[in-house]
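Atoms within each ligand, like the ligands themselves, are counted from 1 in listed order.
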Amino acid sequence: MTRIPVRRALVSVYDKTGLEELARGLHESGVEIVSTGSTAGSIAALGVPVTPVAEVTGFPEILGGRVKTLHPHVHAGLLADQGNPEHVSTVDELGIATFQLVVVNLYPFRETVASGATPAEIVEQIDIGGPAMVRSSAKNHNSVAIVVDPGSYIEVLQAVAAGGFDLITRQRLAGQAYAHTAAYDAAVANWFGQQAVLADAQAAVGIEGGENTTSNWPPYVGVALERAEVLRYGENPHQRAALYVQQGAEPGIAQAEQVHGKAMSFNNYVDGDAAYRAAFDFDEPCVAIIKHANPCGIATGADVAQAHAKAHACDPISAFGGVIAVNRPVTPAMAEQVADVFTEVILAPAFEPAALELLSTKKNLRLMVVRGPRPHGAEQRPISGGVLMQDADALDAPGDDPGNWTLACGQALHAGELAELRFAWRAVRTVKSNAILLAKDCASVGVGMGQVNRVDSAKLAVARAGERAAGAFAASDAFFPFADGLQVLLDAGVRAVAQPGGSIRDAEVVAAAEAAGVTMYFTGTRHFAH
Ligand SMILES: NC(=O)c1ncn([C@@H]2O[C@H](COP(=O)(O)O)[C@@H](O)[C@H]2O)c1NC=O
């Protein structure tokens, strides 16, 4: 493989991490370093020889740094194919020296947006010259190696000392470089999109009839995904699969840190995500046990061990091979309970040392550290040929506060009972629609999920609860279109029901509850989850 010896390098970095080692190493290998303003200043301060880029261009940096490397003496030096005799003679005639290595990292655009800077400050942090150099060098990877990641300087110095970069490495670096500028431009485009949304919203204020409905979503959304892991297989063994993390996204399970166990599978991630969302919906210590993206047990408790015991008791048969999420650090007491049950994954914000030690003896159990709370931004759902976007179904709708519920029939519940019904209401939204959840003592006791009619979901919940259905607190993720589904719950002896209300047959539904002497609240909010 042909290596291209590095004689001349262009270094222009905003992030000066590792710059000292890089500059010293390049100099020791006999490489001439050309550099921009403060990068050159930092290198010179180390006592390492450096040529300021203005000496190469014969032009000062102007417009507050907007123009420093945008010059033919730089870009021809980056773009000349050093294996092409015509290119070589052209640059020779014009007295342009070529580069074999370019090290660039860009102005911190995303960080500046996140810092709450003004639009003018943000715009100034859109790097122009940097991406131009990155793209020129990457295009000309036949002659130039382009490095955008301060984490790869050691590899860079090794390659330089070994006689230069081979073609495969230059191609790989070029790919990384284009991914880097693409992600950067996507972040810039997304910011401009957000500005457009804000401008539209401001323009809509005062328009009679109110709200701006057309432009609440940006005209373009750039998503940059970086492969974090190749998975053994997908949902089934014949499907290939990989995990990608979304750059700039709120951290979630894709960014979780594995502290024990074999590699996560595709299904572990899917179930883990459902478990994470469920457990982190609660402020109290909460444990959710998930199978096939649905809870087979969810409970809150005084501590995580109690919450786990209650969640497990909901459906011990289904809990076998489950994925567990907990919204507090795992304690030794909880770890002892879990150790007795075959479990695929536990996700938690932390594991107490003794818990970690105990659970680490289980070689098939995966332990993942996740940072809560669950992401609240917009959610994407791929469909064939596109993506649907929606606001995350946060638990902040008026109907999520029992204080806003309407008593449809029966005696108002006292505070303790209302807390039970509130638990059922919060927990049911983690269940795939049609969803019916029966709870007692702030623990699910029967869950009916994913049925194509509400009657079957009710039957399933009641069947799973068995005797526990009597006196249970029931929640339905959407209204009862007829009284039949509710009747299943009433016949099983539930104590109270929370449901959105809003069916054209509400009167029939309420009459059925009233006849059974059961309290029913309308929440006014629906929580479908598909
Ligand atoms: N305008 C230009 O010609 C230009 N050339 C390089 N840059 C950026 O300037 C930064 C380095 O500048 P300095 O060495 O002055 O800290 C790098 O992030 C680089 O991407 C430029 N800045 C912005 O566009």
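Under 4.0 Å is where a charged nitrogen must lie from a carboxylate oxygen, and between E32 and R7 no such pair does. Look at E20 and R24 and you find a salt bridge, because one of the NZ, NE, NH1 or NH2 atoms lies within 4.0 Å of a carboxylate O, short of that distance.
Where the criterion is an N or O separation shorter than 3.5 Å, residue side chain and backbone included, A40 fails it with respect to ligand 1. At a 3.5 angstrom cut-off on N or O pairs, G65 counts as close to ligand 1.
If you number the atoms of ligand 1 from 1 as listed, the ones under 4.0 Å from a heavy atom of I128 come out as 23 (C), 24 (O). The V104 neighbourhood of ligand 1 comprises atoms 20 (O), with distances under 4.0 Å to a heavy atom of that residue. Counting the atoms of ligand 1 from 1 in the order shown, those under 4.0 Å from a heavy atom of K16 are 16 (O). Heavy-atom proximity to V67, at under 4.0 Å, picks out these atoms of ligand 1: 1 (N), 3 (O). Listed by number with element, the atoms of ligand 1 under 4.0 angstrom from any heavy atom of Y14 are 17 (C), 18 (O). Proximity to L106 (heavy-atom distance under 4.0 Å) selects the following atoms of ligand 1: 18 (O), 20 (O). Each of the atoms 11 (C), 12 (O), 13 (P), 14 (O) of ligand 1 lies under 4.0 Å from some heavy atom of T36. Each of the atoms 14 (O), 15 (O) of ligand 1 lies under 4.0 Å from some heavy atom of G37.
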For the pair D273 and R277, evaluate salt bridge (charged side-chain N to carboxylate O under 4.0 Å, His left out) and give the outcome as yes or no after the intermediate values. CA-CA 6 Å; D273 199 42; R277 286 160 176 264; 3.2 Å; yes
Evaluate E124 against R66 for salt bridge (charged side-chain N to carboxylate O under 4.0 Å, His left out), listing each step before the verdict. CA-CA 8 Å; E124 217 42 63; R66 283 190 176 194; 2.7 Å; yes
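Counting all heavy atoms, side chain and backbone alike, V67 lies closest to L63 at CG2-CD1, 4.1 Å. Residue V31 comes nearest to V6 through the heavy atom pair CG2-O, 3.5 Å, listed as atom of the first residue, atom of the second, then distance. Taking every heavy atom of both residues into account, P49 and I43 meet most closely at O-CG2, 4.5 Å.
Scanning all protein heavy atoms for the shortest distance to atom 22 (N) of ligand 1 gives Y107 OH, 3.0 Å. Scanning the protein for heavy atoms near atom 16 (O) of ligand 1, the closest one is S38 OG, 2.5 Å. The protein non-hydrogen atom at the shortest distance from atom 23 (C) of ligand 1 is D127 OD1, 3.2 Å. Distance from atom 14 (O) of ligand 1 to its nearest protein heavy atom, with residue and atom name: T39 OG1, 2.4 Å. Protein heavy atom nearest atom 11 (C) of ligand 1, with residue, atom name and distance: S12 OG, 3.4 Å. Here the protein heavy atom with the shortest distance to atom 1 (N) of ligand 1 is R66 O, 2.6 Å. Of the protein's non-hydrogen atoms, K68 CG, 3.3 Å is the one closest to atom 4 (C) of ligand 1. Scanning the protein heavy atoms around atom 17 (C) of ligand 1, the nearest turns out to be N105 O, 3.3 Å.
Ring geometry for W191 versus F109: interplanar angle over 60°, hence perpendicular rather than tilted (30 to 60°). The aromatic rings of Y14 and Y107 stand perpendicular to each other, their planes meeting at an angle above 60°, with 30° marking the opposite boundary.
N294 contributes a side-chain N or O that, together with a main-chain N or O of K432, makes up a donor-acceptor pair within less than 3.5 Å. With D271 contributing its side chain and K291 its backbone, the two residues share no donor-acceptor pair below 3.5 Å. Judged by distance alone, with hydrogens and angles left aside, the side-chain atoms of T331 form a donor-acceptor pair with the main-chain N or O of M334 at under 3.5 Å.
M133 counts as a contact of ligand 1, since one of its heavy atoms falls under 4.0 Å from the ligand.
When heavy-atom distances to ligand 1 are checked against a 4.0 Å cut-off, E124 has no atom that comes that close, whether in backbone or side chain.
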